[in-house]
Amino acid sequence: MSSLFLRTLREDPADAEVPSHRLLVRAGYVRRVAPGIYSWLPLGLRVLRRIEEIVREEMDAIGAQEIHLPALLPREPYEATGRWTEYGPNIFRFKDRKGADYLLGPTHEELFALLVKGEYASYKDYPVMLYQIQTKYRDEARPRAGILRGREFLMKDSYSFDLDDEGLAESYRRHRDAYVRIFDRAGLQYVIVAAMSGAMGGSASEEFLAVAETGEDTYVRSAGGYAANVEAVTTPAPPARSVEGLPAAQAHHTPNTPTIDSLVDFLNAAGLGRTFTAQDTLKNVLLKTRVPGQPEWTLLGVGLPGDREVDMKRLEAALDPAEVALLDEADFAKHPFLVKGYIGPASLAANGVRYLVDPRVVTGTAWVSGADKPDHHVVDLVAGRDFTPDGTIEAAEVRAGDPAPDGSGPLETARGIEIGHVFQLGRKYTDAFGVDALGPDSKPIRITMGSYGIGVSRLVAAIAEQSFDGDGLVWPRSVAPFDVHLVIAGKSEEIVGGAEDLAAALDAVGVRVLVDDRKASPGVKFADAELIGVPTIVIVGRGMADGRIEVKDRRSGEREEIPLVGAVEHLAGLVRG
RNA sequence: CGGGGUGUAGCGCAGCUUGGUAGCGCACUCGCUUUGGGAGCGAGGGGCCGCCGGUUCAAAUCCGGUCACCCCGACCA
């Protein structure tokens with residue numbers, strides 16, 4: 001360690017909030033270069049490489065073949081699939097000296113599809129699975145949490161190419177199984193949840209989330225086994241009812257009730273002979289959407305029960321890839337038929353505004369909604385009789401206690417870090433490029449794709465988020481930068497010489513050992529050993545007088561004294577589990 | 001892009017209210033002592049006080065502007 005390029009920090013860096021960021025910087029694994037851009041120092045790089053190796057082994061094991069594409073890419077392929085515009089400001093783009101457009105690859109579906117199109121032409125060539133471990137670039141709106149969300153990051157992305165849907169399902173299953181093995185080997189606690197496919201397009205999709213309070217993703221699960229990212233949760237719709245015999249809609253003067261709370265209070269004080277709750281109201285939220293790259297916005301009305309807020313993440317996922325924004329004052333001014341606080345379905349329909357409702361708003365349900373003029377609401381406005389929405393949308397917030405869509409019980413919510421994503425992409429990209437194989441009947445077969453990602457550099461942080469204590473990091477053996485951290489606690493020839501011999505002997509049997517031979521006080525060495533988080537700490541010191549050394553388990557804190565004779569075998573046994 | 005905050009030595013911070021030419025801890029260098037839980041003493045090196053402009057005899061400090069970064073909300077591995 002006296003020559004290891006390492007400097008630990010006694011204090012937390014001021015800009016680090018989450019544990020992984022704090023500790024990876026303090027323990028000398030990474031250093032920040034610019035927002036969302038980090039350098040990997042020797043310790044960090046060793047962890048990163050070990051994770052890469054696990055990923056490689058498991059990908060190779062399912063028959064995927066590793067290749068390496070450039071990160072610097074021309075515009076054309078991304079133009080062909082529309083992602084040059086769809087990705088919007090999230091791509092790093094620039095021009096070369098001749099003025100041609102380039103980008104730094106945010107993901108590589110296009111290039112893989114083109115590569116396969118160029119090489120393969122017969123049904124006999126398929127199926128094939130290819131992957132790479134590559135640096136990706138995304139100009140994130142807000143990089144955060146150290147290497148958890150960077151603008152440059154390392155990702156394993158793989159793609160499967162199959163002749164039919166059954167083949168795709170099989171490739172998907174193999175990837176999913178490989179991911180389970182990878183994350184198990186990495187020592188992670190994680191959940192697999194149903195997901196939205198996002199900007200990549202496609203259908204069947206699941207995410208692997210590392211369980212962590214600091215995670216950016218919220219997911220839900222039920223005791224009965226349902227699990228999904230909140231963005232992908234579907235709301236169970238009650239059965240439609242008959243509108244026969246329901247009371248007629250009535251407009252009421254409801255002064256000063258621009259909010260749901262004020263409306264409910266007013267109604268309950270109005271002597272209508274029943275009690276109202278926020279759930280009985282239909283809140284209409286006005287948004288504007290636009291296709292990426294297009295200048296003009298389109299109005300969109302979303303109706304949902306008044307006790308629910310709009311979850312912008314869910315809304316955006318539902319409308320993807322379109323952009324969405326709430327209306328501002330200027331927008332309201334432009335459209336006088338929108339009476340803020342009193343918007344009802346009627347004026348939306350009359351003015352041709354697309355109107356989507358929460359799935360709970362089914363035919364035959366009665367609501368209190370705006371009457372499209374100030375200080376007025378309509379009571380007993382019945383869906384399917386008094387208004388007809390253009391469709392449903394998953395935009396309402398999901399709450400703990402809501403029923404799971406598959407009837408498996410109430411949902412609970414938790415947070416996680418997205419570490420992997422598998423999905424059946426389908427033919428979006430092969431259609432764009434015309435990737436066909438000639439079939440046995442000499443007719444072309446359109447290839448179908450799967451796309452599978454693992455955030456390799458993010459995994460380092462995700463593991464750290466789950467593996468630390470008050471003293472520092474605590475790596476799982478499978479990814480630790482070293483197997484054994486050997487502290488030389490003393491300066492006598494017996495101690496120093498004994499420690500060096502032990503280190504050499506361990507090295508000879510393949511145990512990777514980090515020797516702290518610095519001229520520092522024992523306290524400093526112990527503290528650094530705990531901060532760095534190698535799973536086994538060996539202390540060679542005063543015990544050497546009796547021919548004994550101390551072995552400490554970083555995770556449990558348990559120490560044992562063992563004889564130096566036979567220590568190599570003992571430690572090698574520990575390391576190999 | 002909206003809201004909050006911060007820019008002073010490699011890192012963490014004080015100084016600013018009340019202008020007088022920069023300080024503390026860690027880290028670093030040298031010497032002596034010390035060596036099982038972040039050692040002691042002594043001597044050192046290192047700072048366009050984010051940047052531009054203004055006020056003033058004098059600006060880290062006051063005023064205006066600007067840039068950067070961090071944190072909280074909308075994207076994704």
Classify the nucleic acid contact of [X] as base, sugar-phosphate or nothing, counting any heavy atom under 4.0 Å across all strands shown.
X	result
A/Arg518	nothing
A/Gly453	nothing
A/Arg149	base
A/Asp528	base
A/Arg559	base
A/Glu207	nothing
A/Ala527	base
A/Ile539	base
A/Glu152	nothing

Tell me the partner of [N], counting only Watson-Crick (N1-N3 plus N6-O4 or O6-N4) or G-U wobble (N1-O2 and O6-N3) with both under 3.5 Å; none if nothing fits.
N	result
B/U17	none
B/C48	none
B/A74	none

Cationic tip of A/Arg49 above A/Trp40 ring, under 6.0 Å, 45° of axis:
no
Cationic tip of A/Arg458 within the cone over A/Phe153's six-membered ring, i.e. under 6.0 Å and within 45° of the normal?
no
Less than 3.5 Å apart, any donor N or O on the side chain of A/Tyr452 or A/Arg174 sitting next to an acceptor on the other?
no
Tell me whether A/Phe5 at atom CZ has more than 12 heavy atoms from other residues, nucleotides or ligands lying less than 6.0 Å away.
no
